[in-house]
Protein chains: 2
Amino acid sequence: MRPQFLYEKNLHGVANSVKRKQEQYRKIVRHLYYNGAASIAEIVKAVKISQPLVASLVDDLISYGMLLDKGVGESIGGRRPNLFCLNSEYQYVIGVDINLHTLNLAVFDLSNKQIFREETKYFDLENSEEYLNSLIEKIETMISQLGMPREKYLAVGISLPGLVDAKQGLSHTHLSVAEEGLAHFLSDRLSMNVLLDNDARTMALGEKAFGKAIDKENVLCLNLSNGIGLGMILNGNLHSGKNGFAGEFGHILIDPEGKLCDCGKIGCLETLTSGKILVKNIREAVDKGQPTLLAKYKKENKKIDLRAVVEAILQGDQFAIDQLNQMCEYLGKGLVTLIHLLNPEMVIIGGKIAHAGKFVIDPVTMSMNKYAMSRISSETELVCSDLLDDSALMGTMANVMRSVLSLD
Amino acid sequence: MRPQFLYEKNLHGVANSVKRKQEQYRKIVRHLYYNGAASIAEIVKAVKISQPLVASLVDDLISYGMLLDKGVGESIGGRRPNLFCLNSEYQYVIGVDINLHTLNLAVFDLSNKQIFREETKYFDLENSEEYLNSLIEKIETMISQLGMPREKYLAVGISLPGLVDAKQGLSHTHLSVAEEGLAHFLSDRLSMNVLLDNDARTMALGEKAFGKAIDKENVLCLNLSNGIGLGMILNGNLHSGKNGFAGEFGHILIDPEGKLCDCGKIGCLETLTSGKILVKNIREAVDKGQPTLLAKYKKENKKIDLRAVVEAILQGDQFAIDQLNQMCEYLGKGLVTLIHLLNPEMVIIGGKIAHAGKFVIDPVTMSMNKYAMSRISSETELVCSDLLDDSALMGTMANVMRSVLSLD
DNA sequence: AATACTTTTAAAAAAAATTATAAAAGAATT
DNA sequence: AATTCTTTTATAATTTTTTTTAAAAGTATT
């Protein structure tokens with residue numbers, strides 16, 4: 001019998017006993033994926049199945065090639081255990097991180113190692129058949145480069161900006177051309193399972209699985225790049241809301257007397273604090289002759305972008321730091337609302353601006369102290385992501401594995 | 001063997017086989033509690049245990065007196081099924097709804113019927129040993145009135161305002177005198193299991209179990225009385241946050257140029273929209289001679305309270321309605337933030353102000369339409385609670401049963 | 001180095017749970 | 001009214017899983 005469970009969840013018309021066995025396999029594989037190599041005894045404790053049964057299930061999985069016997073491990077005061085681990089080469093996951101102007105592709109093995117990685121610049125996201133075709137071509141090229149048969153790929157995980165309905169596999173904002181829904185479209189064309197989610201939520205999954213949110217139950221992940229995205233881990237699970245629209249943090253009201261936002265409302269957080277605004281303000285000031293390290297871009301006739309700004313900040317550019325500080329004051333205000341509502345244990349800042357490290361953390365912390373009820377906010381840790389630009393891509397892997405290994 | 005599972009969850013030093021059996025019992029009881037009488041065949045489908053085993057477990061439960069055989073039911077095209085249901089008199093739950101000025105007590109049977117109900121007015125909440133003593137006395141009097149032995153009571157569920165850490169059983173705001181924590185203190189004194197939660201969250205549990213949130217997964221419940229409370233059902237579960245502080249909706253920033261709030265911050269939602277403010281504004285206007293039905297209170301030298309205001313609104317008092325409308329504009333603004341962040345399928349308004357029905361719903365809806373991104377808000381239904389003043393009390397019952405019948 | 005104690009694993013025995021089968025009881029159809 | 005078809009329930013047979021027991025392979029101590 002082939003272990004189907006990594007492919008299809010609700011096997012229809014299959015005997016109950018088979019389903020039960022697949023669930024047992026899944027528990028074991030799940031434990032080994034999330035906790036690494038383990039002895040039979042350890043697995044027994046973790047999955048709550050008896051030792052003789054676990055032993056026989058592990059034997060099965062080894063015979064399918066899914067698990068490997070790593071030989072004896074360290075003793076903790078008795079007979080040395082035999083350790084077992086996932087065969088990291090049993091299958092692979094394709095990760096696709098779609099950004100407004102770039103595309104990141106990766107192939108992960110089951111130990112989460114990237115065995116392939118490619119960044120394509122100037123791959124501008126647009127809602128067209130052509131974009132989708134070139135995306136598929138990119139993926140197909142990668143597959144043929146790697147030379148492995150299609151069955152070796154467990155699924156394709158995709159991260160993209162905008163409103164995404166993960167349950168239905170729809171992209172509302174950027175790739176709505178695919179009529180059957182983006183996930184189905186790509187699944188048909190690639191002949192693979194496809195899993196979508198919004199970039200901020202994928203980042204949150206990445207942080208929960210591989211970043212600073214490991215072992216935390218209530219964590220907010222901010223994606224601070226040109227816009228502001230929010231991914232929420234609540235009670236240990238990703239929160240998506242009814243339609244997958246949760247996390248529209250950029251459009252909460254901060255200043256009723258403020259500016260008009262793209263969304264039609266006035267005083268949205270995004271009109272006050274976002275990479276876009278930061279860059280815009282700095283460009284305008286540079287045009288007016290503001291002294292700053294960034295002035296050289298004007299001389300060289302190059303455009304100032306967010307990356308340049310962050311670089312200047314890290315070099316200590318006073319003006320850029322001032323601008324960022326101002327932005328962080330507003331961001332802190334917005335965060336306080338989140339913290340009051342959700343009482344998270346940690347807030348992780350990711351996205352391009354996270355590269356500024358303490359230059360973001362410090363002013364945001366100050367702002368939070370000013371605006372928050374201290375009893376609540378003092379329970380919340382504010383940190384920068386250490387996955388940084390990789391978090392969304394890592395998140396696609398986490399999303400696929402979560403989906404495949406989820407129980408019930 | 002006595003079915004211990006309704007009392008103790010993590011039975012220590014008990015054989016695995018016993019634990020498993022208790023879990024099976026719990027599944028069956030759970031199904032019957034949440035879905036009412038059922039046949040063996042129905043239970044089999046719901047709990048995914050084989051028919052012979054379910055039959056024998058049901059036999060056991062009947063012999064313990066926990067289940068009743070209701071005799072044959074309606075056929076759906078074959079042999080008539082034997083129906084089984086919970087013995088609603090097997091045990092009882094005590095519900096305690098603590099408010100700032102009143103105390104509601106109830107005893108529920110396992111069919112959620114209130115077999116006892118008592119409302120005590122002028123029972124002012126204060127952080128003192130005396131308050132706790134008179135609370136305990138109230139409960140003890142009720143118990144002796146009902147004349148049932150203490151073992152007949154499954155647990156005491158308590159709802160109270162302010163910051164509550166449900167996991168630890170602590171009341172931070174109002175009843176912190178009990179040093180071991182409120183739950184432990186009461187549990188010792190009453191010799192019963194005690195379960196605490198904040199009033200807004202208890203209301204949310206009530207709505208989820210018995211009100212309009214049944215079968216909904218993402219629902220926000222607003223407790224609009226003198227303050228503003230928020231209880232959130234997210235992904236089907238109550239969200240409490242790291243320390244149980246989640247839901248501080250009253251202290252999110254709405255107007256940076258606004259008034260000072262009790263919490264020390266400026267422009268909190270509660271400074272603009274709360275029963276307290278509404279009453280205060282109306283009192284001031286009446287003192288200045290504003291024509292309104294409520295003016296009679298002044299003549300009669302009685303104080304205008306929230307109940308009176310709502311009554312006037314329902315009688316069509318133009319001034320009171322205007323005042324409420326104004327408040328609802330702000331409330332809508334705040335709600336939009338919630339909806340953008342959490343994408344709920346329903347928002348339920350409860351508390352004293354919910355008695356105003358469409359007089360709250362309509363202006364809040366208008367405000368939401370004005371301030372929200374329609375794609376998101378159009379997915380959210382706004383309704384008034386139909387449990388109204390009972391929702392917190394019903395919520396204590398829901399909380400106890402949820403805790404007792406939760407799986408794993 | 002010998003002995004006592006641990007932990008891990010394997011195998012046998014026992015128990016638990018499921019599947020398969022049959023019987024009972026009623027509904028629908030001829 | 002008799003027959004056929006459903007659904008429910010009881011029983012028997014089989015399978016699955018666990019518990020128990022024992023052996024294997026270590027560590028720690030004397």
Side-chain angles (χ1 to χ4, degrees), chain A residues 1 3 5 11 13-28 31-32 35-63 67-85, chain B residues 1 3 5 11 13-28 31-32 35 37-63 67-85 407:
Chain A
M1 184 186 65
F5 66 93
L11 301 160
V14 165
N16 246 337
S17 61
V18 174
K19 283 189 200 167
R20 203 168 46 239
K21 179 146 285 191
Q22 305 252 333
E23 189 75 12
Q24 293 168 334
Y25 285 146
R26 191 179 290 123
K27 279 185 186 171
I28 294 175
H31 182 255
L32 293 177
N35 302 279
S39 67
I40 298 288
E42 283 169 345
I43 298 173
V44 164
K45 275 178 206 150
V47 303
K48 292 181 185 171
I49 301 176
S50 72
Q51 173 260 315
L53 183 50
V54 167
S56 101
L57 292 168
V58 166
D59 278 353
D60 294 349
L61 287 169
I62 288 175
S63 75
L67 259 51
L68 294 178
D69 186 333
K70 292 229 300 177
V72 291
E74 283 305 290
S75 161
I76 51 166
R79 172 174 167 178
R80 283 196 190 154
N82 233 353
L83 294 183
F84 302 90
C85 69
Chain B
M1 184 185 64
F5 66 92
L11 301 159
V14 165
N16 248 336
S17 61
V18 174
K19 283 190 198 166
R20 202 166 47 237
K21 179 145 283 190
Q22 304 251 335
E23 189 77 11
Q24 292 167 336
Y25 285 146
R26 193 178 290 124
K27 279 185 186 172
I28 293 175
H31 183 254
L32 293 177
N35 301 280
S39 66
I40 298 288
E42 284 168 345
I43 298 174
V44 165
K45 275 177 206 152
V47 304
K48 293 181 183 170
I49 301 176
S50 73
Q51 173 259 317
L53 182 51
V54 167
S56 102
L57 293 166
V58 166
D59 279 352
D60 294 349
L61 288 168
I62 288 175
S63 76
L67 261 48
L68 294 177
D69 187 333
K70 293 229 301 177
V72 290
E74 283 305 289
S75 162
I76 52 166
R79 171 172 169 179
R80 282 194 190 154
N82 233 352
L83 293 182
F84 302 91
C85 68
L407 307 173

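Chain A is the first sequence line, chain B the second, and so forth, proteins listed ahead of strands; every chain is numbered from 1.
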> What distance separates B:Ser56 OG from B:Gln24 CD, expressed to the nearest 0.5 Å?
Replying inline: 8.5 Å
> Can you tell me how far P of D:dT7 sits from CG of B:Asn82, to the nearest Å?
Replying inline: 18 Å
> For B:Asp60, what residues pass the side-chain hydrogen bond (donor to acceptor under 3.5 Å, both in side chains) criterion, not counting sequence neighbours?
Replying inline: B:Tyr25
> Nearest 0.5 Å, what's the CD1-CG distance between A:Ile62 and A:Asp69?
Replying inline: 5.0 Å
>> Check this for me: does any side-chain nitrogen of one of A:Lys45 and A:Glu42 sit under 4.0 Å from a carboxylate oxygen of the other?
In response: no
> If we fit an axis to the first five pairs and another to the last five of the helix from C:dA1-D:dT30 to C:dT30-D:dA1, what angle do they make, to the nearest 10°?
Replying inline: 10°
> B:Val47 and B:Lys27: which non-hydrogen atoms are nearest, and at how many Å?
Replying inline: CG1-O, 3.6 Å
> For A:Phe84, which of A:Val54, A:Ile28, A:Leu68, A:Ile40 qualifies under side-chain contact (heavy atoms from CB on, under 4.5 Å)?
Replying inline: A:Ile40
>> What residues from residues 40-47 of chain A pass a heavy-atom cutoff of under 4.0 Å to DNA chain C?
In response: A:Ile40, A:Ala41
> Looking at side-chain heavy atoms only, is the closest gap between A:Val72 and A:Arg79 below 4.5 Å?
Replying inline: no
>> Return a single string for nucleotides 24-30 of chain D, one symbol per nucleotide in 5' to 3' order, where B is base contact, S is sugar-phosphate-only contact and - is none, cutoff 4.0 angstrom on heavy atoms.
In response: BBBS---
> What is the per-nucleotide protein-contact pattern of nucleotides 13-20 of chain D, from the 5' end, where B denotes a base atom under 4.0 Å from a protein heavy atom, S denotes such proximity for sugar-phosphate atoms only, and - denotes neither?
Replying inline: ---SSBB-
> Taking only residues two or more places apart in sequence or in another chain, which ones pass side chain to side chain contact (heavy atoms under 4.5 Å, CB included) with A:Lys48?
Replying inline: none
> Could you go step by step and tell me if A:Glu23 and A:Arg26 meet the salt bridge (Lys or Arg N to Asp or Glu O under 4.0 Å) rule?
Replying inline: CA-CA 5 Å; A:Glu23 189 75 12; A:Arg26 191 179 290 123; 2.9 Å; yes
>> Just so I know, are the side chains of B:Ile49 and B:Ile43 near enough to count as touching, which here means a heavy-atom distance under 4.5 Å?
In response: no
>> In whole Å, I'd like the distance from the CZ atom of B:Phe84 to the P atom of D:dT8.
In response: 12 Å
>> Whole angstroms only, please: what is the NZ-C1' distance between A:Lys19 and C:dT19?
In response: 15 Å
